[in-house]
A.B. asks: 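Got a structure for you, written out below as structure tokens; questions coming shortly.
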2 protein chains.
Amino acid sequence: MTVTPDTDSTPARGKRPKQGEPVIDRALSLLAVFSDRRRALTLSELARHAGMPAPTALRLIARLVAWGALERLDDGRYVVGVRLWEVASLSPRGHGVREIALPYLEDLFEVTRHHVLLAVRDNEEAVLIERLSSKDATEVAYRVGGRAPLRSTAVGLVLLAGADQQFQEATLRKPPEHEPGVEHMPEGQLRRTLSDVRRTGIAMIRRSAPSKTVSVASPIFDAQGSVVAALSIVVPDGSTPPNVLAPAVRATARAVSRNLGYLAEVSPDVRTHSEG
Amino acid sequence: MTVTPDTDSTPARGKRPKQGEPVIDRALSLLAVFSDRRRALTLSELARHAGMPAPTALRLIARLVAWGALERLDDGRYVVGVRLWEVASLSPRGHGVREIALPYLEDLFEVTRHHVLLAVRDNEEAVLIERLSSKDATEVAYRVGGRAPLRSTAVGLVLLAGADQQFQEATLRKPPEHEPGVEHMPEGQLRRTLSDVRRTGIAMIRRSAPSKTVSVASPIFDAQGSVVAALSIVVPDGSTPPNVLAPAVRATARAVSRNLGYLAEVSPDVRTHSEG
DNA sequence: AATATCATTCCAACCAATGAAAGATGTCTG
DNA sequence: CAGACATCTTTCATTGGTTGGAATGATATT
């Protein structure tokens, strides 16, 4: 069991909820209340979920609104503002890679007409940076801005395989979260898979829910040779075979990597083995 | 904000730091330092531009980093974090419209292979929400997350034409900012143009810088019939004539509007009193 | 009309925020 | 290789921004 350093001996429940917490943390906890299912919230909802009295929440929110981090709707509810979105668009790992990758993703999308995903790793999850989908594409589990587990998605495996050794070990030691629709992988197999991903530059995952799909992902490298993002394509199971998709996905990923300043090393492995 | 009265006896030697400013405002002013040209900043740069002592900046930044609003690079510089980007992706006017519009934008892009833009209005400017471009497209002035003037861009004109009367008047009264490469429009002509935009659902602008282009834009309506965004296509001057592009742009914009719940008003000649 | 819920204003106690000063670290320069 | 310079970080006594219960106003529900 993890132990948080408790300076206070008594729980002190009820009387002092979150007193003493830095103001910024409180303000940020207000932002954190927003989620996919909670995009427009009232003052009391925000106060309740952030765990602070309404007057306090109101005061903080007023500052956030004044700056543009939040916006107030006609009905009095609050939503995340364009100004915040604007600043966030300067995030190198957010819009940064996206900006460079988008034209290439489009080419891949145009050719295949299937979901094309771009993701980066944030701590122990993958964050979906971009998703191109046609209007009539198969259902897909994740939305842009959402998070996906590392161990049970194709982009996740790529990002995990590309993470530093220390992080990988820590992740492998943790008990896996069970993702519905994805077959669980025991540790041994997972290790082998990650090794394969590093060698081949391709990860593959089959899902049965929310719909039967196959995902094929490939890593994107920066100039330092680190894996900064993962690109994948999601197709209905039984349509285009994965081994046909793999070259296209890998080629696209490499094109993006090159644009990020990555000088593809001529790997003896790839050169001699005609399989590619 | 306004300058605080100097009636106090302690002038503090002209150097009047932002003493007394709410903490949140200070934290937000740190975020505001980031811009297109300033995506990675050192502590002292942040402190200087935000107008606060280094220790104060450091303390605030530490909280922002802890939450994920900022991230620290290996070289010690700070950048906008993925977490902030994640929350910002819940912005209805940011990623919200984008999410719905993207598939349609893609269709338009795929057919034309020219820049396709999506923008919303934030106060007196247009904010670029999305831009689809091919790798070898003509140079375009604005990037995603950037701002563009209302009076001298096609999307801007559409957004201005769709704004409430009061705002329009206030904007028309203000002295126009001169945008390089765009022919200035006197007030009378601008009024006529806005009226035309409302009637036809199309705005058009010719630019000579940074490259010779023609932009054609059309409004996107929400369920309440308000103009929530503008969609445009930017083509090299002399290629496809604007009157050929207009129907495609308008059709795409209407498709997005319909998806937002907008019930396109039936034109008078078709309207019958079938329902009462 | 009564009740319940939410939003807003007020204010005195209080504690988190402040920033000068100094130390720690790294980087040029002569 | 000192010495000058710049940046980053920690410390700490002071203080002014922050706090949240209570009261009031605004709406919605029964």
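Chain naming here is simple, since letters A, B, ... match the order of the sequence lines and numbering starts at 1 in each. Source: prediction; values computed, not measured.
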A.B. asks: Could you state the CZ-P distance from B/R63 to D/dT18, rounded to the nearest angstrom?
C.D. replies: 16 Å
A.B. asks: Could you tell me whether the phosphate oxygens of D/dT19, OP1 or OP2, come under 4.0 Å of any side-chain nitrogen or oxygen in A/R59?
C.D. replies: yes
A.B. asks: Both B/L60 and A/G76 contact DNA chain C. Which one's nearest nucleotide lies toward the 5' end?
C.D. replies: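 Counting from the 5' end, the first nearest nucleotide belongs to A/G76.
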A.B. asks: For B/R72 and D/dC8, is the shortest distance between a side-chain N/O and OP1 or OP2 below 4.0 Å?
C.D. replies: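 B/R72 to D/dC8 OP1/OP2: no side-chain N or O under 4.0 Å.
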A.B. asks: Name the closest nucleotide to the A/R48 side chain, picking from C/dG19, C/dC6, C/dT9.
C.D. replies: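 In terms of side-chain proximity for A/R48, the closest of C/dG19, C/dC6, C/dT9 is C/dC6.
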A.B. asks: Rounded to whole angstroms, how far apart are CD1 on B/I24 and P on C/dA17?
C.D. replies: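 That distance rounds to 10 Å.
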A.B. asks: Write down the distance between CD (A/E45) and P (C/dC6), rounded to a whole number of angstrom.
C.D. replies: 8 Å
A.B. asks: Give a yes/no answer on whether the side chain of A/T56 brings an N or O atom under 4.0 Å of OP1 or OP2 in D/dG20.
C.D. replies: yes
A.B. asks: Can you check whether A/R26 has a side-chain N or O nearer than 4.0 Å to OP1 or OP2 of C/dA16?
C.D. replies: no
A.B. asks: To the nearest Å, give me how far apart CG (B/L30) and P (C/dA17) are.
C.D. replies: 14 Å
A.B. asks: If you only use heavy atoms from C-beta on, which nucleotide in C/dA16, C/dT8, C/dT18 is closest to the side chain of A/P55?
C.D. replies: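 So the side chain of A/P55 is nearest to C/dT8.
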A.B. asks: Hey, what's the ring geometry for B/W85 with B/H95, parallel, tilted or perpendicular (30° and 60° as the breaks)?
C.D. replies: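 Geometry flag for B/H95 against B/W85: perpendicular rings.
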A.B. asks: On the nucleotide C/dA7, are OP1 or OP2 found under 4.0 Å from the side-chain N or O atoms that A/S44 carries?
C.D. replies: yes
A.B. asks: C/dT25 P sits how many Å from B/L58 CG, rounded?
C.D. replies: 15 Å
A.B. asks: Of the options D/dC8, C/dA16, C/dT18, whose atoms approach the side-chain atoms of B/L43 most closely?
C.D. replies: D/dC8
A.B. asks: Using the side chain to side chain contact (heavy atoms under 4.5 Å, CB included) rule, pick out the option among A/L260, A/N259, A/V158 that qualifies with A/I220.
C.D. replies: A/L260
